[in-house]
Amino acid sequence: MFTLTEVASLNDIQPTYRILKPWWDVLMDYLGLVMLMLAIFGMTMQITKDHMACLPCLEDPQGDLGATGEFFTEETTEAPPASSATLFTSAPTVTKDLPDSAVHEIHSTHQQTSVASGRYVTQPLPTGVKTNLDFQQYAFVNQMCYHVALPWYSKYFSYLTLIHTLVLMVSSNFWFKYPKTCSKIEHFVSILGRCFESPWTTKALSETACEDSEENKQRLTGSSATQKQVSMEGSDEASNANSSTPMLEMRFSADKPLAEVPSSMTILDKKDGEQAKALFEKVRKFRVHVEDSDLIYKLYVAQTMVKTVKFILILSYTSTFLAKINFKHMCEPDIKQLTGYKRFFCTHNMAYMLNKLLISYMALILIYGMACLYALFWVFRRPLKEYSFEKVREESSFSDIPDVKNDFAFLLHMVDQYDQLYSKRFGVFLSEVSENKLREISLNHEWTFEKVRQLVSRNAQDQQELHLFMLSGLPNAVFDLTDLEVLRLELIPEVRFSAKVSQMTSLRELHLCHCPAKVEQTGFTFLRDHLRCLHVKFTDVAEIPAWVYLLRSLRELNLIGNLSSENNKMIGLESMRDLRHLKTLCLKSNLTKMPTNITELSPHLIRLVVHNDGTKLMVLNSLKKMINLIELELHNCELERIPHAIFSLTNLQELDLKSNSIRTIEEIISFQHLKRLTCLKLWHNKIITIPPSISQVRSLEALHLSHNKLESLSPALFTLPKLRHLDLSHNAIPTLPPDVGLLHNLQYLALNSNKLELLPKTLFRCTKLKVLLLGNNALTAFPESVGQLIQLAQLELRGNCLDRLPVQLGSCRMLRKNGLLVEDHLFDALPVETKESINKESTFTSGL
């Protein structure tokens, strides 16, 4: 026999799940336990004491009496007196149901027998009816009638009660055991318990009151100062107001300043801080996993409906069988041939007890069913698939706690039935503000001023630069670097410039690489007046901070990210006309047309750079309005010809069309109208020939045609009087025309990686040459006229077929050993005097 403890374990769940058991489920659990005890008690009683006692019913009392009288007469005449007395005393109750005449006759016969025997007996006459049944026959009849006459419900009531109770218990806890829900519930309970006990939860909630009190003080003391500042700034901005500026101001003010961490705030232990960070990540992942379905909700509703249907079923058929549990039963077993009787009158000794147990069971079932009905009412009355943290947001500073839905919301509703404090403390780990505060505390504790100071270095421009990479936020120690000039922030998910940024009086350049940055009002005022150069790298244009468009002192703006055609309207930068001092704009993206709103910068923009990452730039009409443009770079724009819009830029001095698909430059004649054009870069294209019309562009001083497909050079190229820099490297030029000697102002000539076999002597008439690059050609001899290039400082001859170098290299007084790029054996073959001359000058220079 199993014990009560073993059966009760079927209803046992882990103690941690109690927070998901509302009061009605707890009540039903206790009712189930009571019903289980009732069923086991009833089963024990039925197994040990469940019996029936049956007596035969006489159909014809007269016939039975006559037979009995004859029986007694025969006994009286044949049996000895003692036996007769014994026979009658063996069944004293036999005459109980006989008529008075029969009883009198029996008494008379008994007296006569006693007198005839010679003695008088005063023993009373036995009563009752003789049945001729012995003990084994009675036991047989009782067993037969137990199975024939007793209703089945009386025999199996306790077992049915046990089965029903077990079914209800399983139904109550099925959602804790079902594989697709138990894992989510177990994970939720585990996270909820850790969030409730986390030191960060208590710390964050306790400090909310401090922040609220500080905000109230600041609101009272700072209202007048704010009004004064608004009035002063309003007068300054009124003259430049436009339709888009109000929207910008509203968006900017939406970024609430981060409350300063109170000085009394204690730093969390490193272990507690790491555990809190892990909890934020777990909560985020759990929310994504659970919010996509409502299986837990449906399963709970289904099991509640099953219990309700079960309650109705039990109550309906139990009330029907209640009246059939009686003490008296008539039994008609087919055993007359064995006993001589057809009907028996039986009594059930457990009838009274079973009746009371059934009434108790029905009362418990009724209470259980009312709890089920209330559970269904609660489930369908409230929208349990949505949960709002509105009260938590009102009572704390974490106004960004999001509302949740589906199974996540349902679990929180169930927790609220246990204790609403759990949801309040759990909401702390759904808030990004809370997570950012935790990160800020941990970050400032780890990144001290000394540690940050060690990362400051000097860049190529001899500026103090700090590069921070993949941190959780911006340490406050950075704001104490008052002499920092360049700040690079890369892959930092939360960057916030507080009022302390105003201490960085030397800061002029800022890089934000995938760093969504927010700034407080005081910090923005400082950046607006002091920042000169800003680099922003992003994935989507919406990630560009709104305050960027209001930096009126900005000189250079670099935007690197996705600026596709559908987002071109965003490139207006929400009104770039506020960038009144912007001189340089760099767009490294994938534009298909030049943004029209960019013309707002036309009055003051002097340099425009577009690196298009291989996307074809088809529309350039907006360039025509940028008449003050001095430098223009269009890289990787898949241009096939020189855009006509460029010819309207009369102030243009430098044009760079690198890495396009330009094959012909016949339009170059139009550059004669650009009187200020001094530098033309057509490198990394597919140009085959140089048209003679290039001679019309007489203002050119630098021409870059490297990495093209040139096979010949037009003599007109060498008629440009001001040309100082000519780069023809990485082409397929076999010969250099003698007209190259006409370039008297030439200082830089690059012909490396071509097919040159011979150099014209006129080349060395360009006595101003300082750099001559002839590497990787097919030269077999190098002219001795090189000695005429007295200003030559760099000469590359590596990768040719030279046998020797001319000794006249010693006449090149500016040529150093490190500026002479040739094979070692050629240099070693030079005369000692020449080598010493080069080495001496090199040594002298290094000594200086």
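Keep in mind it's a predicted model, so treat the numbers as computed, not measured.
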* To do: With sequence neighbours excluded, tell me which residues meet side-chain contact (heavy atoms from CB on, under 4.5 Å) with Asn612.
  => Leu591, Val610, Thr615, Leu617, Cys637

* Do you know which two heavy atoms are closest between Gln794 and Leu821, and how far apart they sit? -> NE2-CD1, 4.2 Å

* Please examine the side chains of Leu758 and Leu779, heavy atoms only from C-beta on, and report whether any two atoms are closer than 4.5 Å. => no

* Could you tell me which residues satisfy salt bridge (Lys or Arg N to Asp or Glu O under 4.0 Å) with Lys616, sequence neighbours excluded, listed by chain and number? => Glu640

* To do: Verify the neighbour count for atom CG of Asp824: are there more than 12 heavy atoms of other residues, nucleotides or ligands below 6.0 Å?
  => no

* If you look only at pairs with a residue in residues 739-758, which of them pass as a ring pair (Phe, Tyr, Trp, His ring centres under 6.0 Å), with sequence neighbours excluded? -> His725-Tyr748

* Asked: Taking the side chain as C-beta and beyond, is there a heavy-atom pair between Val609 and Leu587 under 4.5 Å?
  -> no

* Asked: When you measure from the side chain of Ser589 to the backbone N and O of Gly561, does any donor-acceptor pair fall under 3.5 Å?
  -> yes

* **Backbone of Thr482 reached by a side-chain donor or acceptor of Ser506 within 3.5 Å** => yes

* Minimum side-chain heavy-atom gap Leu772-Leu792 below 4.5 Å -> yes

* Glu823 and Arg798: salt bridge (Lys or Arg N to Asp or Glu O under 4.0 Å), yes or no, with the steps? -> CA-CA 6 Å; Glu823 288 79 1; Arg798 185 181 298 163; 5.6 Å; no

* Heavy atoms of other groups near Arg765 CZ, more than 12 under 6.0 Å -> no

* Any side-chain heavy atom of Asn800 sitting closer than 4.5 Å to one from Phe782? -> no

* **From Asn685 atom CG to Ile662 atom CD1, the distance as rounded to the nearest 0.5 Å** => 4.5 Å

* Asked: Would you find a donor on one side and an acceptor on the other, under 3.5 Å apart, between the side chain of Thr762 and the backbone of Pro738?
  -> yes

* Between Ile642 and Phe647, does a side chain to side chain contact (heavy atoms under 4.5 Å, CB included) hold up when you go through it step by step? -> CA-CA 9 Å; Ile642 300 176; Phe647 304 139; 3.9 Å; yes

* To do: Output all residues satisfying ring-ring contact (aromatic ring centres under 6.0 Å, His included) with His611, sequence neighbours left out; order by chain, then residue number.
  => His635

* To do: Kindly give the heavy-atom pair with the smallest separation between Leu649 and Leu674, and that separation in Å.
  => O-CD2, 3.1 Å

* **Minimum side-chain heavy-atom gap Ile630-Leu652 below 4.5 Å** => no

* Asked: So, Arg496 and Glu494, do they make that salt bridge, N to O below 4.0 Å?
  -> yes

* Asked: With sequence neighbours excluded, what pairs up with Arg676 under the side-chain contact (heavy atoms from CB on, under 4.5 Å) test?
  -> Asn651, Gln653

* Asked: Ser553 side chain to Arg528 main-chain N or O, any donor-acceptor pair under 3.5 Å?
  -> yes

* To do: First locate atom CG of Leu789, then atom CZ of Arg813, and finally report the distance between them rounded to the nearest 0.5 Å.
  => 12.0 Å

* For Glu631, all residues meeting side chain to side chain donor-acceptor pair (under 3.5 Å), sequence neighbours excluded -> Arg607

* Asked: Do Leu705 and Asp727 come within less than 4.5 Å of each other through their side chains, counting heavy atoms only?
  -> no

* To do: Sequence neighbours left out, what passes salt bridge (Lys or Arg N to Asp or Glu O under 4.0 Å) with Arg724? Give chain and number order.
  => Glu701

* Going through the checks in order, is the side chain to side chain contact (heavy atoms under 4.5 Å, CB included) test met by Leu736 and Phe718? -> CA-CA 11 Å; Leu736 184 64; Phe718 307 107; 4.2 Å; yes

* For Leu489 and Cys515, work out which heavy atoms get closest and say how close. => O-SG, 3.3 Å

* To do: Identify the two heavy atoms, one from Asn708 and one from Lys686, that lie closest to each other, and give their separation to 0.1 Å.
  => OD1-N, 3.3 Å

* To do: Return each pair, listed once, that meets ring pair (Phe, Tyr, Trp, His ring centres under 6.0 Å) where at least one residue sits in residues 812-838; pairs must be two or more places apart or across chains.
  => none

* Criterion side-chain hydrogen bond (donor to acceptor under 3.5 Å, both in side chains) on Asn660 and Asn636, from CA distance to verdict -> CA-CA 5 Å; Asn660 284 283; Asn636 287 293; over 6 Å; no

* Asked: Out of curiosity, Leu682 CG to Leu655 CG, how far, rounded to the nearest 0.5 Å?
  -> 7.0 Å

* To do: Report the distance from atom OG1 of Thr689 to atom CD1 of Ile665, rounding to the nearest 0.5 Å.
  => 7.5 Å

* Check the angle between the aromatic planes of His707 and His730 and answer parallel, tilted or perpendicular using the 30° and 60° thresholds. => parallel

* If you round to the nearest 0.5 Å, how far is CG of Leu717 from CG of Leu742? -> 10.5 Å

Taking only distance into account, with no hydrogens and no angle test, what donor-acceptor pairs under 3.5 Å do side-chain atoms of residues 462-470 form with protein atoms, sequence neighbours excluded?
from   : atom 1 : to     : atom 2 : distance (Å)
Gln463 : OE1    : Asn459 : ND2    : 3.3
Gln464 : NE2    : Asp483 : OD2    : 3.4
Glu465 : OE1    : Asn459 : ND2    : 3.1
Glu465 : OE2    : Arg488 : NE     : 2.5
His467 : NE2    : Glu490 : OE1    : 3.1

* Please examine the side chains of Leu623 and Leu608, heavy atoms only from C-beta on, and report whether any two atoms are closer than 4.5 Å. => yes

* Considering non-hydrogen atoms only, spot the tightest contact between Ala517 and Phe497 and give its length. => CB-CE1, 4.1 Å

* **With sequence neighbours excluded, residues passing side-chain contact (heavy atoms from CB on, under 4.5 Å) with Thr767** => none

* Hey, is the main chain of Glu833 close enough, under 3.5 Å, to the side chain of Glu836 for a donor-acceptor pair? -> no

* Asked: For Lys451, does the NZ atom have more than 12 heavy-atom neighbours from other residues, nucleotides or ligands under 6.0 Å away?
  -> yes

* Without swapping roles, check the side chain of His511 against the backbone of His535 for a donor-acceptor pair under 3.5 Å. => no

* Asked: Measuring from Leu629:CG to Leu605:CG, what's the distance to the nearest 0.5 Å?
  -> 6.0 Å

* Asked: Between the side chains of Asn777 and Asn752, does any donor sit under 3.5 Å from an acceptor?
  -> no

* **Side-chain heavy-atom pair Thr678, Leu700 within 4.5 angstrom cut-off** => no

* Any donor-acceptor N or O pair under 3.5 Å, side chains Asn745, Gln747 -> no

* Does a sphere of radius 6.0 Å around CD in Glu638 hold more than 12 heavy atoms from other residues, nucleotides or ligands, not counting ones at 6.0 Å or beyond? -> yes

* Structure fact -> In short, salt bridge (Lys or Arg N to Asp or Glu O under 4.0 Å) pairs touching residues 654-665 with sequence neighbours left out are Glu654-Lys681

* Heavy-atom pair of closest approach, residues Leu481 and Arg453 -> CD2-NH1, 3.4 Å

* Asked: Taking only residues two or more places apart in sequence or in another chain, which ones pass side-chain contact (heavy atoms from CB on, under 4.5 Å) with His604?
  -> Leu582, Lys583, Leu601

